[in-house]
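Ligands are counted one by one from 1 in listed order, and the atoms in each one are counted from 1 as well. Just so it is clear, the values below take in all heavy atoms, side chains as well, and ignore hydrogens, waters and symmetry mates.
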Amino acid sequence: MKKRIFSGIQPSNVIHIGNYIGAVKRWVESQNDAEKENIFCAVDLHALTVPQDPKMLRERTLELMALFLAVGLDPDKSILFVQSHVTVHAEGAWLLNCITPEGWLKKMTQYKDKSAKQEIVLTGLLDYPVLMAADILFYDTNEVPVGNDQKQHVELARNIAERFNHLFGETFVVPEPLIAEAGARIMALDDPTMKMSKSMAHVKGHSVNLLDDPKDIERAIMRAKTDSGSEIRFSKDAEKAGVNNLLTIYQVLTGKSQEASELDFANARGYGDLKKAVAEVVISATEPIRNRHKEIMTDRAELERIMRVGADKARVISEPRLADVKRKMGLILP
Ligand code: AMP
Ligand code: TRP
């Protein structure tokens, strides 16, 4: 039996190289693994958990679908769709809400961080991980490739699956988070003690975004914060976080080992050489994506067709599980 893979990304803000390295790039690798059946989703309902401009959200969702294609996801090999096009997610989240203790949600670190920054905390923000559990569980997902920050949410989905199975009998597959060894937490260029984050993407120098032009990429990387030393090596020392982050980006994008990456800089004259090399690999990884994206965005009708086909395939998988869950919980099926 093939392993089923499900992952999602929000169409909020632009996609940065942390999203690419921690998640999307790995989806493309997963798609090319014959042992896996892959489903990737633009999670627009999740984006609504913080205020969005409606017009922008629509545009960003289309752009994200185009980005899926531009990075090499193929609608003939993977299921690519928009979350709100398949009503199973919202319905399923409600059903799972009714077996999930609220204490589990209040403990989530992302909720604690995000809610501390909001004046009004929306109920959807608290409930966000239950919607994510529905995304995962109604597809009988085995593995969820995500960055480090989503590990706790996948663990919550596991707890919800186990609780449901305990209450109503064996139903859900208990999913595993799939976290990369390298690059699961890319740090901000301007402050390598915090993670690169979409919500900070508007701050100059914070991140490199997948669709940035080469000049901006070079500028952001050349200005990246490092330490006052000159040693180019991987390190867990807080002081070396900037260099460690640049080396990690270099390592993942070149596909080299840590040793080989360090060796490439054995004769470097300083951090300037490292930054130049990192800028080069980031530009050569992102430039083809940017060009393809531009081209794909010119054919909206085709994008819309791809979204429809993906949603149809997603429904075929998730609707039977939804009916099963409704029946087990005591609802009359129409
Ligand atoms: P989000 O930006 O929250 O929609 O996240 C989309 C995907 O990117 C998730 O799998 C995250 O875990 C991953 N991700 C987000 N930020 C980073 C980061 N700084 N480093 C690595 N992965 C990340
Ligand atoms: N919450 C995830 C994030 O912000 C996105 C997401 C939603 C997701 N549903 C998912 C990831 C299901 C994996 C599986 O990064």
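Numbered from 1 in the order shown, with element, the atoms of ligand 1 that lie under 4.0 Å from a heavy atom of G22 read 21 (C), 22 (N). Numbered from 1 in the order shown, with element, the atoms of ligand 1 that lie under 4.0 Å from a heavy atom of I9 read 4 (O), 6 (C). Residue A23 has at least one heavy-atom neighbour below 4.0 Å for each of these atoms of ligand 1: 7 (C), 8 (O), 10 (O). Ligand 2 places these atoms under 4.0 Å from at least one heavy atom of V144: 13 (C), 14 (C). Heavy-atom contacts of R185 reach the following atoms of ligand 1: 20 (N), 21 (C) (cutoff under 4.0 Å). Of all atoms in ligand 1, numbered sequentially from 1 with element shown, those under 4.0 Å from a heavy atom of G183 are 21 (C). For ligand 2, the atoms closer than 4.0 angstrom to any heavy atom of F6 are 12 (C), 14 (C).
Residue, atom and distance of the protein heavy atom nearest to atom 22 (N) of ligand 1 are G18 O, 3.1 Å. Of all protein heavy atoms, the one lying nearest to atom 1 (N) of ligand 2 is Y128 OH, 2.7 Å. In terms of protein heavy-atom proximity, atom 3 (O) of ligand 1 is closest to Q10 NE2, 4.0 Å. The closest protein non-hydrogen atom to atom 14 (N) of ligand 1 is N19 ND2, 3.6 Å. Of the protein's heavy atoms, D149 OD1, 2.4 Å lies nearest to atom 12 (O) of ligand 1. The protein atom (non-hydrogen) at minimum distance from atom 5 (C) of ligand 2 is G8 O, 3.5 Å.
Using a cutoff of 4.0 Å between basic side-chain nitrogens and carboxylate oxygens, K256 and D264 are scored as salt-bridged. Using a 4.0 Å cut-off between charged side-chain N and carboxylate O, E304 and R308 make no salt bridge. Salt-bridge annotation for D324 and K328: present, with a side-chain N of the basic residue lying under 4.0 Å from a carboxylate O of the acidic one. Ion pairing between K215 and E218 fails under the 4.0 Å rule for side-chain N and carboxylate O. No salt bridge links E262 with R233; every basic N to acidic carboxylate O contact stays at or beyond 4.0 Å. Ion pairing of D191 with K225 is absent here, as no side-chain N (NZ or NE/NH1/NH2) approaches a carboxylate O to less than 4.0 Å.
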> Given Y111 and H153, is the ring-ring contact (aromatic ring centres under 6.0 Å, His included) satisfied, shown in steps?
Replying inline: CA-CA 10 Å; Y111 171 71; H153 291 158; 9.9 Å; no
>> With side chain to side chain donor-acceptor pair (under 3.5 Å) as the criterion, how do Q83 and D135 come out once you've worked through the C-alpha distance, each side chain's angles and the decisive distance to 0.1 Å?
In response: CA-CA 8 Å; Q83 187 185 32; D135 298 342; 2.9 Å; yes
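Looking only at atom types and distance, the side chain of Y128 has a donor-acceptor partner in the side chain of Q10 under 3.5 Å away.
Under 4.0 angstrom from ligand 2, the non-hydrogen atoms of V146 all belong to its side chain. At a heavy-atom distance under 4.0 Å, only backbone atoms of A184 (N, CA, C or O) approach ligand 1. Proximity of D149 to ligand 2, defined as any heavy-atom pair under 4.0 Å, is not found for any part of the residue.
Taking a 4.0 Å cut-off on heavy atoms, M187 fails to register as neighbouring ligand 1. Heavy-atom separations between Q10 and ligand 2 include at least one value shorter than 4.0 Å.
For ligand 2, the polar-atom distance check against Q150 finds a nitrogen or oxygen pair separated by under 3.5 Å. When only interatomic distances are considered, the shortest N/O to N/O separation between Q150 and ligand 1 does not fall below 3.5 Å. Some N or O of G147 is nearer than 3.5 Å to an N or O of ligand 1, by distance alone. At least one N or O atom of K198, backbone or side chain, sits closer than 3.5 Å to an N or O atom of ligand 1. At least one N/O-N/O distance between I186 and ligand 1 falls below 3.5 Å. In terms of polar-atom proximity, defined here as any N/O pair under 3.5 Å, S7 makes no such contact with ligand 2.
With hydrogens and angles disregarded, no donor-acceptor distance shorter than 3.5 Å links the side chain of R4 to the backbone of E37.
How far CG of D140 is from OG1 of T171: 10.0 Å, rounded to the nearest 0.5 Å.
Looking at L62 and R300, their side chains come closer than 4.5 Å, going by heavy atoms from C-beta outward. Between E287 and P214 the shortest side-chain heavy-atom distance falls below 4.5 Å.
By the rule that hydrophobic residues join a cluster once side-chain heavy atoms approach within less than 4.5 Å of another member, V252 and L178 end up as members of separate clusters.
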